[in-house]
Amino acid sequence: MIFSKTLNNWYSINKRDLPWRQTKDPYYIWLSEIILQQTQVAQGLPYYVRFTEEFPSVFHLANAQESEVLKLWQGLGYYSRARNLHTTAKHVANQLNGEFPNNYKDLLKLKGIGDYTASAMASICFNKPEAVVDGNVYRVLARYFSIDTPINSSKGVKEFKQLAQELINKKDPATFNQAIMEFGATQCKPQSPDCTICPFVKSCIAFNTNRINELPVKIKSAKAKKKYFNFLVFVDNNERTILEQRHGKGIWQNLYQFPLIETSKSCDFKTLNNLAKKHSLLNGHTFELSLYNDQDIVHKLSHQHLHTKFWIVKVNNALPNAIPKNEIHTYAVPILIGNFIESFNF
DNA sequence: AACCCGGGGTT
DNA sequence: AACCCAGGGTT
């Protein structure tokens, strides 16, 4: 109880003024929580503003096309969030009369809502005593109680969840949950937290045993794999180009890209020229190939490093299903493609 | 339990 | 280069 009181006092003084803190409407809280998954406030904030403007209610979002939702999500990453967002909006609008469930168990059934988001919505919107455990909470608890259990082990997940549940202030779970996350985000930071101004400086075990920089413990993930992407940027005699939609299970599902040739290593002009000759889109066409970027563009994802070459493919006749240059910007593309489109003068 | 899924930022 | 971020889904 003393923990909760100290925390709430800190929060009342130090909390940031953020738009999703002005409401308890489940739709807006849900939007903010999905956008902020694995995403820092500074990055997610403009997306939250655009989504609430474009889709002011769950019905607006439900009535949109997935392509519109993906386009608005473009650049934020983890695009399954956007696809699941749309799926759940349609379900809530059409099956639940536009009303989100008011408890953890039923919220958890919705696509894209896991333990964290169900707890956050149940507590913030409906004042239910459901403790959230996000990256901030893991860090705060691991340090305050000096807990060595890896936060990304199944044992750690259970242990920290139970601890958070024991600590939560059941009289005001909404404030407690937001306070402990905010505390982790701005005071109990991952690197170089200023413990001299921390309200828990006397009781934090990690600080008093000089273990702040050892905690929390996390099992290391595998190193990123290198991949070699060659995008074919077609330019036909009408100044049109080709975009294809990605399907299947990999990255960027349902987003658009230039036709891709993936190779096992970086390839030179001759190799790519031979591969291009065999490409179905160039069947019966003569073309002129040139390399746009002299050095590979290395696009770093969490677990893949994409070594990328953009090849300009000029064709002297008209390509079927080609896209006029003024329509390119209407397609949702990965940021890697988006950056190229901005720099390339079609 | 292990792996996949983005992009931006800090150190 | 390694780590972090208001995590969730799939296998």
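Only heavy atoms go into these numbers, but all of them, side chains included; no hydrogens, no water, no symmetry mates. The chains referred to below are lettered A, B, ... by the order of the sequence lines, with proteins before strands, and numbering in each begins at 1.
Between A:Gln191 and A:Ala118, the residue anchored nearer the 5' end of DNA chain C, judged by the nucleotide with its closest heavy atom, is A:Gln191. Each of A:Gly184 and A:Gly112 lies near DNA chain C, and the nucleotide nearest A:Gly184 is the one positioned closer to the 5' end.
When rounded to the nearest whole Å, the span between NZ of A:Lys218 and P of C:dC3 equals 9 Å. Rounded to whole Å, atom P of C:dG8 lies 8 Å from atom OH of A:Tyr116. When rounded to the nearest whole Å, the span between CG of A:Asn254 and C1' of C:dG9 equals 15 Å. Residue A:Asn152 contributes atom CG, which lies 14 Å from atom C1' of C:dC5 at whole-angstrom precision. Here C:dG8 presents its P atom at 12 Å from CE of A:Met121, a figure rounded to the nearest Å. Distance NZ (A:Lys111) to C1' (C:dG8): 11 Å, rounded to an integer number of Å. The interatomic distance linking A:Ile35 (CD1) with C:dA6 (P) rounds to 14 Å, in whole Å. One interatomic measurement links the two molecules: CG of A:Asp134 to P of C:dC4, which rounds to 13 Å at whole-angstrom precision.
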Evaluate the side-chain contact (heavy atoms from CB on, under 4.5 Å) criterion for residues A:Gln257 and A:Val333: first the C-alpha distance (whole Å), next the side-chain angles of each, then the deciding distance (0.1 Å), finally the verdict. CA-CA 6 Å; A:Gln257 65 180 14; A:Val333 297; over 6 Å; no
Would A:Glu54 and A:Lys71 count as a salt bridge (charged side-chain N to carboxylate O under 4.0 Å, His left out) if you check the C-alpha gap in whole Å, the side-chain angles of each, and the deciding distance to 0.1 Å? CA-CA 12 Å; A:Glu54 191 81 12; A:Lys71 183 62 193 176; over 6 Å; no
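Using bins of under 30°, 30° to 60° and over 60° for the plane-to-plane angle, the ring pair A:Phe200/A:Phe3 lands in the parallel bin. Taking the six-membered ring for Trp and thresholds of 30 and 60 degrees, A:Phe344 and A:Phe346 have ring planes more than 60 degrees apart, a perpendicular arrangement. Using bins of under 30°, 30° to 60° and over 60° for the plane-to-plane angle, the ring pair A:Phe310/A:Phe340 lands in the parallel bin. In this structure, A:Tyr47 and A:Trp73 have tilted ring planes: the angle between them lies in the 30° to 60° band.
Looking at heavy-atom distances under 4.0 Å, A:Ser192 makes no contact with the nucleic acid at all. Heavy atoms of A:Trp73 sit nowhere under 4.0 angstrom from any nucleic acid atom. At a threshold of 4.0 angstrom between heavy atoms, the contacts of A:Asp115 are confined to the sugar-phosphate backbone, with no base atom among them. Using a 4.0 Å heavy-atom criterion, one finds that A:Lys189 contacts no nucleic acid atom at all.
Applying the salt bridge (charged side-chain N to carboxylate O under 4.0 Å, His left out) test between A:Asp148 and each of A:Arg211, A:Arg143, A:Lys155 identifies A:Arg211 as the sole match.
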At under 4.0 Å between heavy atoms, how does the protein contact nucleotides 2-8 of chain B? Give one character per nucleotide, 5' to 3', with B, S or -. --SBBBB
Reading 5' to 3' and counting Watson-Crick or G-U wobble pairs with both distances under 3.5 Å, write the dot-bracket notation for DNA chain B, | for bases paired outside the strand. |||||.|||||
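Using P as the reference atom, C:dG8 and B:dG8 are 22 Å apart when rounded to the nearest Å. Comparing the P positions of C:dA6 and B:dT11 gives an interatomic distance of 15 Å, to the nearest angstrom.
The side chain of A:Lys220 contributes an N or O atom lying less than 4.0 Å from OP1 or OP2 of C:dC3.
Atom CD of A:Gln22 sits in a crowded spot, with more than 12 heavy atoms from other residues, nucleotides or ligands closer than 6.0 Å.
Looking at every heavy atom in both residues, A:Leu281 comes nearest to A:Glu244 through CD1-OE2, 3.8 Å.
Residues A:Phe176 and A:Tyr11 keep their aromatic ring centres 6.0 Å or farther apart.
Between the side chain of A:Arg21 and the base of C:dA6 there is at least one donor-acceptor pair of N/O atoms closer than 3.5 Å.
Among C:dA6, C:dT10, C:dC4, the nucleotide with an atom closest to any side-chain atom of A:Pro190 is C:dC4.
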